[in-house]
Amino acid sequence: MTIGDAPTFHGPPVSLSWEYNPNATEERELEQYEDYRKSVPRREKKAMRLPPVIRQHLLTENMGYSRGQIKGATDEAKRCAKQRQKTVERLRLQPVEEAFEKIKRFRKRNLRRERGECVECVSGIW
């Protein structure tokens, strides 16, 4: 386990980490793995969540991270989560913004035609 980078408002983010040891690795056939997966029920998302207090404890006690490192990661995760939240809120306004852009382009094109600035307008194509 290591400090992660997932945007969250609740405690430090965590990620899985691993070191590859070819001597400790077991190879299995895909069909064998698929058969095993069918026999074991999948856990629900709720069962896989770690409360923020547990994550902080695991990072400090088991993984050796300092409180400062955890606070820095928590602050960065909150900043990213706020940015994501703003993006989602702005997505609702996207159709309106696109309509305004279309109107601006239309008016700009018409103004050029009226002034005779556009070569296509002068030649009668538009």
Side-chain angles (χ1 to χ4, degrees):
M1 181 181 293
T2 186
I3 291 178
D5 60 357
T8 177
F9 286 108
H10 309 288
V14 294
S15 293
L16 295 177
S17 64
W18 61 284
E19 293 179 17
Y20 176 69
N21 180 352
N23 297 327
T25 303
E26 294 181 27
E27 291 186 20
R28 303 280 181 193
E29 294 294 322
L30 180 61
E31 290 79 19
Q32 185 182 9
Y33 172 76
E34 291 294 333
D35 290 340
Y36 168 76
R37 287 294 303 135
K38 289 176 188 174
S39 66
V40 177
R42 293 191 65 103
R43 291 185 292 170
E44 295 179 15
K45 283 186 179 182
K46 186 187 247 184
M48 292 189 277
R49 289 192 181 124
L50 289 174
V53 173
I54 302 287
R55 282 182 270 153
Q56 185 166 353
H57 176 77
L58 289 171
L59 289 171
T60 55
E61 301 301 319
N62 295 4
M63 304 311 298
Y65 287 99
S66 70
R67 289 182 187 254
Q69 290 173 308
I70 293 171
K71 182 174 178 358
T74 301
D75 292 345
E76 178 65 16
K78 283 182 184 179
R79 187 187 66 72
C80 291
K82 285 179 185 176
Q83 183 63 42
R84 182 176 283 189
Q85 191 176 39
K86 285 180 185 178
T87 300
V88 169
E89 289 170 1
R90 288 182 185 144
L91 285 175
R92 290 183 292 161
L93 298 176
Q94 188 174 4
V96 175
E97 290 175 4
E98 288 176 7
F100 277 124
E101 289 296 321
K102 191 173 183 179
I103 291 168
K104 281 176 30 180
R105 285 192 305 271
F106 179 76
R107 289 196 30 83
K108 189 175 184 179
R109 197 176 325 138
N110 283 342
L111 285 173
R112 283 185 179 162
R113 279 188 207 160
E114 290 173 7
R115 294 181 186 155
E117 295 175 6
C118 182
V119 175
E120 292 89 358
C121 299
V122 174
S123 64
I125 295 174
W126 284 37

*Derivation and outcome, side chain to side chain contact (heavy atoms under 4.5 Å, CB included), residues Lys102 and Glu98*: CA-CA 6 Å; Lys102 191 173 183 179; Glu98 288 176 7; over 6 Å; no
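Side-chain atoms of Glu76 and Ile3, non-hydrogen and from C-beta on, never get closer than 4.5 Å to each other.
Annotation: Gln32, atom CD; neighbour count of heavy atoms from other residues, nucleotides and ligands within 6.0 Å is above 12. Within 6.0 Å of atom CG in Leu93, more than 12 heavy atoms from other residues, nucleotides or ligands are found, so the atom counts as buried in its surroundings.
By the 4.0 Å N-to-carboxylate-O rule, Arg37 lies too far from Glu34 to be salt-bridged with it. Salt bridge Asp75/Lys71: present, at least one basic N to carboxylate O contact under 4.0 Å.
Thr8 approaches Gly11 most closely through the heavy-atom pair CG2-O, 3.5 Å. In plain terms, the two heavy atoms of Gly64 and Gln69 that are nearest each other are O-OE1, 4.5 Å. Shown here for Pro13 and Ala73, the closest heavy-atom pair between the two residues is CD-O, 3.9 Å. Smallest separation of non-hydrogen atoms from Gly4 and Ser15: CA-OG, 3.2 Å.
Taking the six-membered ring where the residue is Trp, Trp18 and Tyr20 present perpendicular rings, their angle passing 60° and hence far from 30°.
Distance NZ/Lys86 to CD/Glu89: 9.0 Å, rounded to 0.5 Å. The distance from atom CG of Leu59 to atom OG of Ser66, rounded to the nearest 0.5 Å, is 10.5 Å.
For the pairing with Ile70, the side-chain contact (heavy atoms from CB on, under 4.5 Å) check across Arg55, Met63, Gln56 returns one residue only, Gln56.
No continuous path of ILVMFWY side-chain contacts below 4.5 Å connects Val14 to Phe9, so the two sit in separate hydrophobic clusters.
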